[in-house]
Amino acid sequence: MWAVAFACVVSFMGIGLVDPILPVLAEELEATPAQVSLLFTSYLVVTAVAMLGVGWVSSRIGAKWTLILGLVLIVVFAGLAGTVDGVDGIVGFRAGWGLGNALFISTSLAVIVGSATGGFAGAIILYETALGLGIAVGPLLGGVLGGISWRGPFFGVSALMAIALVATLVFLPPTPKPEKKVSLVAPLAALRHRGLLTMGIMALLYNWGFFTLLGYAPYPMGLHDPLQLGWVFFAWGILVAVFAVWGAPWAQRRFGTAATLYVNLLGLGILLAVIGLGVSSPTVVIVAVILSGIFVGLNNTLTTQAVMLVSPVERPIASSAYGFVRFIGGGLAPFAAGKIAEATEQSVAFYVGAAAFLVAIPVLASGHRLITAAERPEPAETAETAETAAPSLQPAG
């Protein structure tokens, strides 16, 4: 479990690792922000589509070998991304990196949930801790290595993932193949369930706003030193980690999952609108980005829990279906933000991201009853909510 958690930390480093070098890449490779944003788009769109096939692969070769295959692909393609001399080559290798990422992320969550002895909630918190640490350390490492060369972050991820690959091979015991093989259409079929589809659409809108923030905010900050950008996103990532691990469980107990998510989405919408209004002031942009880490941390933990709770299907299938929908939004947002800014002005891209956060609120509200029913310790009274709540009552380990 700890070997997989370490690999998760390194995997999630890859999300923010390229943030500090985005302006440098645009300058040195003579590319526009929209072109550079394709590093996110190719990575996340391929991740999203590949999510649909993860269950099919895992049910045939087992979880351990699915993890290993994903890690091998990340090691290879992250390393290759550092060898090319143009944006197009990096974008292409990031796509291969995204394929490995899909195999790894979807399976790692299921392995951690199945291996943890602290229960379902504890496993989710461990997973989100890994996510938070990876997101926090990734930009700082990217800034340090990017200060040497823009190629450094890619080689750094490749080397760290190689360590994670060895740790997984050595410490993760063989996992049995599932008794039932999963079809390629199982994740799409799972989206017919109202709760899972609702959470998926909400996450698509959330990721649209989130990756507008992550993929486009570095440009108006006016920081051309990768290490300075790394420190900004390190501070942001620390807040993500702290509120994912300690803030989310407290807020869930105090206010409930749905109510906390409503406030989170509103808070993120306000902050992105503030960035739009103050886009000409680097200080405003930097402070707003750092503060957004509070809401991102809360949202990540509670959304992951809610998805697993409301879904009536096996957790790996639920993870694949949910990942497919949400990463589509994350993949398209940075490129769209760049194009919107080119056609209008920078502030409009952030207003569109803020609107995505706000539209996510009524989408989430449409599934409010399903989420609250799944949180209850007792069986729900209606057939629909009973089916929805059942997975949340299963022991995780």
Side-chain angles (χ1 to χ4, degrees), residues 6 8-29 33 36-37 39-40 43 78 81-82 128-160 209-247 267-268 271-272 274-276 278-300 330 334 337 346 350 353:
F6 169 73
C8 284
V9 171
V10 182
S11 175
F12 291 124
M13 282 183 185
I15 295 176
L17 193 83
V18 297
D19 259 20
I21 61 172
L22 291 178
V24 174
L25 281 175
E27 181 178 345
E28 292 195 10
L29 300 181
V36 173
S37 71
L39 270 70
F40 286 101
Y43 173 74
E128 293 300 333
T129 301
L131 186 153
L133 286 173
I135 285 179
V137 176
L140 187 58
L141 180 63
V144 172
L145 296 176
I148 301 171
S149 167
W150 65 261
R151 303 176 192 273
F154 299 110
F155 292 138
V157 165
S158 182
L160 287 170
F210 172 65
F211 279 99
T212 297
L213 179 80
L214 199 64
Y216 199 72
Y219 297 104
M221 286 182 189
L223 302 175
H224 296 287
D225 182 352
L227 186 55
Q228 290 179 324
L229 274 168
W231 279 113
V232 171
F233 281 97
F234 175 72
W236 168 82
I238 289 295
L239 289 179
V240 172
V242 168
F243 281 86
V245 177
W246 290 286
L268 285 166
L271 284 175
L272 222 58
V274 167
I275 293 175
V279 74
S280 60
S281 169
T283 301
V284 171
V285 177
I286 290 170
V287 171
V289 167
I290 293 174
L291 289 178
S292 72
I294 297 172
F295 301 106
V296 170
L298 291 167
N299 197 90
N300 286 348
Q346 282 187 327
F350 293 106

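The two residues Arg151 and Gly82 have their closest heavy-atom pair at NH1-O, 3.0 Å. Considering all non-hydrogen atoms of both residues, Gly156 and Leu145 come closest at CA-CD1, 3.9 Å. Considering every non-hydrogen atom in both Tyr216 and Pro33, the closest pair reads CE1-CB, 3.9 Å. In plain terms, the two heavy atoms of Pro20 and Pro139 that are nearest each other are CG-O, 3.0 Å. Contact record, Ala217 with Val289: CB-CG2, 3.8 Å, taken as the closest heavy-atom pair.
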Review point. Does the side chain to side chain contact (heavy atoms under 4.5 Å, CB included) test come out yes or no for Leu25 and Leu39, once each step is laid out?
Key: CA-CA 11 Å; Leu25 281 175; Leu39 270 70; 3.7 Å; yes
Exercise for review: Mind running side chain to side chain contact (heavy atoms under 4.5 Å, CB included) on Val9 and Val137 for me, showing each step along the way?
Suggested key: CA-CA 9 Å; Val9 171; Val137 176; 5.8 Å; no
Under 3.5 Å, sequence neighbours excluded: what are the donor-acceptor pairs made by side chains of residues 226-247?
from: Trp236; atom 1: NE1; to: Ser292; atom 2: OG; distance (Å): 3.1

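At least one side-chain heavy atom of Tyr219 sits less than 4.5 Å from a side-chain heavy atom of Val36. Counting heavy atoms from C-beta outward, Ser149 and Phe155 have side chains that stay 4.5 Å or more apart. Contact of the Phe210 side chain with the Asn299 side chain is not registered, since no non-hydrogen atoms from C-beta on lie closer than 4.5 Å.
Taking OG1 of Thr212 as the start and CD1 of Ile275 as the end, the distance is 10.0 Å to the nearest 0.5 Å. Taking CG from Leu160 and CZ from Phe6, the interatomic distance works out to 6.0 Å, rounded to the nearest 0.5 Å.
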